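Report on one structure; see the data block that follows.
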Amino acid sequence: VQEKENVELKKASVSLLKKMAVAGFFTGNIMLISFSLYAGMFSFMDELTKQFFHFVAWLMATPVYLYSASEFFKAAWASIRNRVLGMDILTASGLSLAYFYSVYVTLTGKGEVFFDAVCFVVFAILIGRFLESRIRLKTWYYTHNLISHIPDFARLLNAGVDIDDLDDLDEESQVRITPLEDVRIGDRFVVRNGEALPVDGRLLSESAETDESALTGEFRPRQRKAGEILTAGSRAAGEKAIVLEATSTHATSTLTRIMSMAEESLRDRPRSERIAS
C-alpha cells in the first residue's frame, strides 16, 4: 500500500511537470506574438498581418488548452457528474470562454484574441499544483524516513534488576529482547549508545545525552535529567546505557502519531480532487 502511494504521487508529479512544461513553453512564445499585436495597435498594423499573428497564437494556444488544461476539465467534469461545485468548474469555464471567443475573433477578424491569457492562466495554476505535488511527495519520504529510526525490538529489564549497575548486565538473565509491538506502558527498557528509543519513555537514569535530530533537525546532543520524557526515535548519545520507563506503546508513541497524521494529510485531499480521481 505504501509503495503504491509513492508510485501514485510520483506519477501525478511527473504528469503535472510535463503539462506545466508545455504550458510554459507556449506561454513564453505566445507573449512575443501578443507584444507584436499590442504594438501594432499603435502603429496601424495591416489586417493581413494581424490575422496572421492571430492564427499563430491560435496554433500555440491549442496544445495548452487540449493537453495542459486537461487537468481542469477532467476535475470539472467529475464535479458536474457528482453535483459538486468546485473551482475547477470556474477555471475550465473561463478558459473555454476565452479560447473559443478568440477562435471566433481569429476566423472573423472582429475583435481581439485572448490566447495569451489562456496560456498564462493554465501555466500559473499548474505551477502551484506542481509545487503542491512535490511537497506531498517530500512529506511521504519524510514520514517513512522517520519510521526507519524506530528499532524492531526493545531490551526490557526484568523485575528486580538494579538500574545503577548497567555495565554488568547479564543479557540472558536480566534483559529480555522483546518485539516492539509487545512493549507495554510501565515496562523498563535499556537503550545503549547509538541506539534509538523504541517508544516514548521517562528517564530513570540520573542523566542522559540524546540525539533528537530525527524529530527536531537539531544535531547537537541534548542533556536530559531523570524524570524527563524522551520520545521514540531519539538516540542515546552518551557513553553509558540509559534506562527508561515506557510511557507509551509503539502505536501511541509520538513518532508513530506524527507519521499517522502526516499520512492522513496525504490521503485527505479536497473533495473535488477525490471525486476526480
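Quick caveat: nothing in here was measured; it's all calculated off a predicted structure.
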[atom1]/[X]: more than 12 non-hydrogen atoms of other groups inside 6.0 Å:
X	atom1	answer
F130	CZ	yes
R202	CZ	no
F55	CZ	yes

In chain order, what residues pass the side chain to side chain contact (heavy atoms under 4.5 Å, CB included) check against [X], with sequence neighbours excluded?
X	value
T249	I185, A251, T252
L59	none
A196	P151, R235
S93	I89

Shortest non-hydrogen separation from [X] to [Y] and the atoms involved:
X	Y	answer
A208	I242	CB-CG2, 3.6 Å
A98	S102	O-OG, 2.7 Å
L204	A226	O-CB, 4.4 Å
V243	S205	N-OG, 2.9 Å
E245	F189	C-CE2, 4.2 Å
Q51	T106	NE2-O, 3.7 Å

With rounding to the nearest 0.5 Å, note down the distance linking [atom1] in [X] to [atom2] in [Y].
X	Y	atom1	atom2	answer
D187	L156	CG	CG	5.0 Å
D211	R220	CG	CZ	12.5 Å
M20	I127	CE	CD1	6.0 Å
S253	I150	OG	CD1	5.0 Å
H54	T108	NE2	OG1	9.5 Å
F52	L48	CZ	CG	9.5 Å

Atom pairs and distances, side-chain donor-acceptor, residues 27-35, under 3.5 Å, sequence neighbours left out:
from, atom 1, to, atom 2, distance (Å)
T27, OG1, A23, O, 2.5
T27, OG1, C119, O, 3.1
N29, ND2, F25, O, 2.7
S34, OG, I30, O, 3.1
S34, OG, D116, OD2, 3.1

Side chains of [X] and [Y], heavy atoms from C-beta outward: is any pair under 4.5 Å?
X	Y	answer
N158	V175	no
R224	E212	yes
L95	V118	yes
L16	L126	yes
L197	T231	no

In terms of relative ring orientation, are F115 and W58 parallel, tilted or perpendicular, with 30° and 60° separating the classes? parallel
Out of curiosity, does [Y] fall in the hydrophobic cluster containing [X] (side-chain heavy atoms, cut-off under 4.5 Å, transitive links)?
X	Y	result
F114	L107	yes
Y141	V14	no
V113	L66	yes
L131	V121	yes
I229	I258	no

Going by ring-ring contact (aromatic ring centres under 6.0 Å, His included), name the pairs with one or both residues in residues 72-97, residues two or more places apart or in two chains. Y65-F73
Could you tell me whether a side-chain N or O of S79 sits under 3.5 Å from a main-chain N or O of A75, the two making a donor and an acceptor? yes
Ignoring hydrogens and geometry, is there a side-chain-to-backbone donor-acceptor pair from S13 to K10 under 3.5 Å? no
From the list V191, D200, L244, V199, side-chain contact (heavy atoms from CB on, under 4.5 Å) partner of L230 resolves to L244
Lys/Arg N to Asp/Glu carboxylate O, E228 vs R222, below 4.0 Å: no
